[in-house]
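Data block below; observations after.
All residue numbers in this chain count up from 1 along the given sequence.
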Amino acid sequence: MLIGVGQINTTIGDMRGNIRKMADVAQRAYEKGAELIVFPELAICGYPPRDLVQCDGFQEENQQCLTELSRRLPPGVTAIAGYVAKSPQSCGKPFANAGAVLADGKLSYCQAKILLPTYDVFDEHRNFEPGGQPDVFRVGDTQIGLTICEDCWNDKYFWQKRLYTRDPVEELAAQKPDVLINISASPYAFGKRAFREKMMQAIAQRHSLAVVFANMVGGNDSLVFDGSSLALDAKGKVWSQAKSFEEDLIFFDTKKQTEDIHPQPESEIEAIFEALVLGTRDYCRKCGFERAVIGLSGGIDSSVVAVIAAHALGPENVIGVSMPGPFSSEGSLSDARRLAQNLGLRYEVVPITNGFDVFRQALKPVFRDLPEDVTEENLQARTRGTILMAISNKHRALVLSTGNKSELATGYCTLYGDMVGGLAVIADIYKIMVYDLARWINRDGEVIPKACLEKPPSAELRPNQTDQDTLPPYDVLDQILSDYIEENSNAQDIARKRSVSLSLVQDVIRRVHHNEYKRQQAAPNLKVTPKAFGVGRIFPIAHRYI
């Protein structure tokens with residue numbers, strides 16, 4: 001049987017638009033001779049719908065669109081698509097995350113997701129009831145087992161520690177299907193594409209089953225779905241693979257098994273860049289923005305964000321704004337101008353010194369004879385934030401904030417200042433990785449001015465300021481932060497592992513905890529690491545545990 005995998009980019013809640021796209025892909029698959037077309041998890045409504053499923057009429061429209069899709073399928077083509085079903089259980093949540101099998105204009109089989117993740121960015125138990133016993137069904141002469149995303153992530157021979165007692169794959173394998181299909185909405189994190197492939201290979205080899213993995217692609221809020229759909233034979237050999245970070249259609253013949261391998265990113269740093277471009281493009285477009293505005297400081301962070309925005313939206317749709325202040329260097333201004341010229345951005349210069357002086361004079365009676373300190377530094381950043389938001393309002397251009405994960409983790413950022421914006425593009429990228437991205441961007445010639453990579457990082461809010469006046473060197477800081485945030489290591493273990501003082505590690509951890517209030521007011525960030533701030537790391541603001 002020839003199986004098509006429709007790797008599509010859905011918009012949450014745009015059910016009519018989603019099924020139009022699915023019907024078009026099904027027609028293309030039919031023209032290539034496919035008998036079965038497979039779409040991702042919750043493809044009808046988009047993933048993750050979160051509490052939208054509780055809105056009056058949501059499930060009904062979802063069901064209507066499923067019925068309409070079944071009627072629009074080409075003759076003789078069966079489709080598998082994710083949707084929100086009514087839970088058959090008499091108690092518990094009223095809905096189920098389900099996979100529908102559509103044939104001959106009707107729903108012929110439905111399988112509810114059995115393993116509902118409640119960790120990291122997932123909270124499916126909030127709205128969905130888990131499915132019961134899975135069954136094998138037939139399409140033509142082929143016996144098929146259907147699983148949904150997490151249902152494949154519990155193999156006792158693959159995982160050292162399992163999260164669930166049940167293994168839906170094992171339950172289906174006992175029924176001797178010919179093909180195991182997994183419809184998925186598995187978000188990207190660096191290294192995850194290779195990990196998924198290894199996991200699917202382990203399933204195929206253990207159960208001697210062909211495996212088809214249909215994954216969503218696209219950005220939805222903080223999550224970026226890379227696609228990277230796969231089809232493997234019973235020995236674990238990959239015969240078909242869809243592109244990463246693009247819509248795609250691949251085919252897998254269960255008998256002839258001819259290769260259908262589409263191009264992939266050449267390195268993980270390229271994959272991260274493509275993820276950030278896709279996430280930025282979809283966040284802007286799905287929120288109704290065609291343009292973006294960025295504060296260009298002449299530093300490495302804003303330079304990388306500007307390159308991402310130019311790729312995502314087109315340089316003609318990006319406004320770069322330099323906002324020199326009393327301590328800005330001429331080099332920073334010239335580097336920002338040169339970057340804008342290299343990218344072809346609209347470039348504006350709006351000095352802040354006069355506005356900053358007006359604020360200081362207005363506050364002088366309140367501050368009386370108190371010495372200047374970090375208050376005046378933050379006032380400069382907040383003056384810049386006001387300018388960016390004014391340009392955003394006037395031009396309907398989304399402000400892209402430019403802070404990195406190292407700064408956000410330690411609170412080295414100004415609330416309502418450099419943190420303003422609708423999307424924090426690189427807030428899940430540590431500073432050292434920002435430099436890696438910049439070097440990759442410049443691999444074929446200068447896009448980001450060389451000086452941006454060479455000069456010491458500085459907020460330029462006081463004379464001769466550098467980041468290392470306040471923070472440890474980034475190569476040290478980022479290791480401590482990664483160990484603490486991603487690995488949940490304690491201070492003593494980090495100090496031993498990194499050969500640094502315990503007091504330094506404790507100071508970094510204290511900074512992380514004390515600045516939770518800033519992160520909970522920050523713009524959404526694009527998740528590309530295993531543990532991103534936001535919905536993936538939920539800590540209380542007011543607490544005393546260090």
Centroid separation Tyr545 to His513 less than 6.0 Å: no

Asp418 side chain reached by Thr402 side chain, heavy atoms, under 4.5 Å: no

Aromatic contact, Tyr188 with Phe245 (centres under 6.0 Å): yes

Mutual orientation of the aromatic rings belonging to Phe273 and His311 [parallel < 30°, tilted 30-60°, perpendicular > 60°]: perpendicular

Reference residue Asn378; test side chain to side chain donor-acceptor pair (under 3.5 Å); the match among Thr414, Asp373, Thr383: Thr414

Electrostatic pair Asp335-Arg338, nearest N-O below 4.0 angstrom: no

Flag if over 12 foreign heavy atoms under 6.0 Å of CZ, Arg162: yes

Arg443, CZ: over 12 other non-hydrogen atoms inside 6.0 angstrom: yes

Side chain to side chain donor-acceptor pair (under 3.5 Å) assessment of Gln468 paired with Tyr474: CA-CA 8 Å; Gln468 266 58 73; Tyr474 282 115; 4.9 Å; no

CA sep, side-chain torsions, deciding dist, call: Asn182, Thr147, side chain to side chain donor-acceptor pair (under 3.5 Å): CA-CA 5 Å; Asn182 182 260; Thr147 58; 2.9 Å; yes

Glu150/Tyr119 under side chain to side chain donor-acceptor pair (under 3.5 Å): CA gap, chis, key distance, verdict: CA-CA 11 Å; Glu150 190 82 355; Tyr119 60 86; 2.9 Å; yes

Polar contact flag, side-chain donor to acceptor under 3.5 angstrom, Glu124-Asn97: yes

Distance-only side-chain donor-acceptor flag, Glu274 / Ser244, under 3.5 Å: no

More than 12 heavy atoms of other groups within 6.0 Å of Arg285 CZ: yes

Charged N-O contact under 4.0 Å between Arg346 and Glu348: yes

Parallel, tilted or perpendicular: rings of Phe158 and Phe195 (30°, 60°): perpendicular

N-O pairing of Asp221 and Lys286 below 4.0 Å: no

Candidate pair Lys243 and Ser229, rule side chain to side chain donor-acceptor pair (under 3.5 Å), full reasoning: CA-CA 8 Å; Lys243 295 176 183 177; Ser229 300; over 6 Å; no

Test: Lys531 and Glu487 ion pair at under 4.0 Å: no

Glu290 CD: over 12 foreign heavy atoms closer than 6.0 Å: no

